[in-house]
Amino acid sequence: PHPPMIRNPDQFEQLIAQVRRFIRDECMPLEEAIDQSDEIPEALVDRMRELGLFGHSIPEAYGGAGLTTEELARVNIEVSQGATTFRARFGGNTGIASESLVVDGTPEQRQRWLPLLASGELTGCFALTEPEAGSDATALTTTAVRDGDSYRITGRKCYITNAPIAGLFTVFARTDAQGKGAAGITAFLIE
């Protein structure tokens, strides 16, 4: 049997109402000022942290809410009523910055990074796209070559949401020059 899509309907409806109020009452009135300043006020980011927005998809064992796919979709519908900048600010942590760790991270990496991403103390980002690769992510040319106990990564990335404010980058590089497509591509966590 599959787990319930909405685990606790009453509690979830309270969460949805809280997110709806936050977006409409606190975020939307600031959209024009944020568009002009190109910066989300830290007080608003702190409210995002208080509401747990950075950790919605991260498992409860690591300090997140562990929302199901349907719960996340419903939250995202509410968040999408405001400017995309709000979703981008915390959405990287609940999506691409944490999902690869949840799926493929080592136990040590999960213990170290997921609680920081879930709390919003740390902002993560995803460095995959390259200027020369177009929309084919598997055509990346960034390389990682072992250098003793570490790697030397060489290449260029672009369109990295939250890069200027991120403290943890998931960087994709080719570790096997003979690999075709996704074969030979490795993800690196870089502080």
Considering all heavy atoms, the nearest T170-F172 contact: CG2-CE1, 3.7 Å
Partner set under side-chain hydrogen bond (donor to acceptor under 3.5 Å, both in side chains) for T186, not counting sequence neighbours: T175
Minimal non-hydrogen separation, I185 against A137, with atom names: CD1-O, 4.5 Å
Cluster overlap V45 with L30, hydrophobic side-chain contacts below 4.5 Å: yes
Expected output: side-chain R49 to main-chain G120 donor-acceptor under 3.5 Å: yes
Any K157 side-chain heavy atom under 4.5 Å of F126 side chain: no
Short side-chain to backbone donor-acceptor contact, D104 and S100, under 3.5 Å: no
Non-hydrogen side-chain atoms of L15 and L67 separated by less than 4.5 Å: yes
From CA spacing to verdict: side-chain contact (heavy atoms from CB on, under 4.5 Å), Q18, Q14: CA-CA 6 Å; Q18 183 182 51; Q14 290 175 13; over 6 Å; no
For the student: nearest non-hydrogen atoms of N93 and A97, plus distance: CA-CB, 4.0 Å
With D176 via salt bridge (Lys or Arg N to Asp or Glu O under 4.0 Å) - residues at least two apart: none
Student check: side-chain heavy atoms of N162 and I165 closer than 4.5 Å: yes
Transitive ILVMFWY side-chain link L51 to I40, under 4.5 Å: yes
Rounded distance (nearest 0.5 Å) linking atom CD1 of I153 with atom OG1 of T142: 8.5 Å
Check against side-chain contact (heavy atoms from CB on, under 4.5 Å), F54 and E121: CA-CA 9 Å; F54 286 91; E121 180 180 335; over 6 Å; no
Same apolar cluster: I160 and L101, side chain cutoff 4.5 Å: no
E78 side chain reached by I23 side chain, heavy atoms, under 4.5 Å: no
Spatial distance of atom OG (S80) from atom CZ (F86) [nearest 0.5 Å]: 12.0 Å
Enclosure of D147 CG (heavy-atom neighbours >12, cutoff 6.0 Å): yes
Stepwise side-chain hydrogen bond (donor to acceptor under 3.5 Å, both in side chains) test for T94 and R87: CA-CA 10 Å; T94 63; R87 172 78 176 110; 3.3 Å; yes
pair Q111-Y62: side-chain heavy atoms closer than 4.5 Å: yes
Spacing of OG belonging to S57 relative to CD1 belonging to I96, to within rounding of 0.5 Å: 11.0 Å
Under 3.5 Å side-chain donor-acceptor pair for T68 and R74: no
Gap separating the CG atom of L44 from the SG atom of C27, nearest 0.5 angstrom: 4.5 Å
Flag for R156-T141: side-chain donor and acceptor within less than 3.5 Å: no
Trace of the side-chain contact (heavy atoms from CB on, under 4.5 Å) decision for F22 with L53: CA-CA 11 Å; F22 173 67; L53 294 175; 3.7 Å; yes
Under 3.5 Å donor-acceptor, R174 side chain and T138 backbone: yes
Nearest atoms (heavy-atom pairs only) where E130 meets C158: C-SG, 3.7 Å
E31: partners by salt bridge (Lys or Arg N to Asp or Glu O under 4.0 Å), with sequence neighbours left out: none
ILVMFWY cluster, M48 and L117 together (side-chain gap under 4.5 Å): no
Least distance between heavy atoms, M28 atom then Q81 atom: CE-O, 3.5 Å
Close side-chain approach of L168 and L189, heavy atoms under 4.5 Å: yes
Taking every non-hydrogen atom, the tightest pair across A166 and G124: CB-C, 4.2 Å
Residues R7, E70: salt bridge by 4.0 Å N-O rule: no
Spacing of CD belonging to E26 relative to CZ belonging to R47, to within rounding of 0.5 Å: 4.0 Å
E50 atom CD, neighbour heavy-atom count above 12 within 6.0 Å: yes
Close side-chain approach of F90 and V79, heavy atoms under 4.5 Å: yes
Same cluster (ILVMFWY, side-chain, under 4.5 Å), F169 and Y151: yes
Separation between CD of E39 and OG1 of T85, rounded to the nearest 0.5 Å: 10.5 Å
Pair R20 + E13, salt bridge at N-O below 4.0 Å: no
E32, CD atom: more than 12 neighbouring heavy atoms under 6.0 Å: no
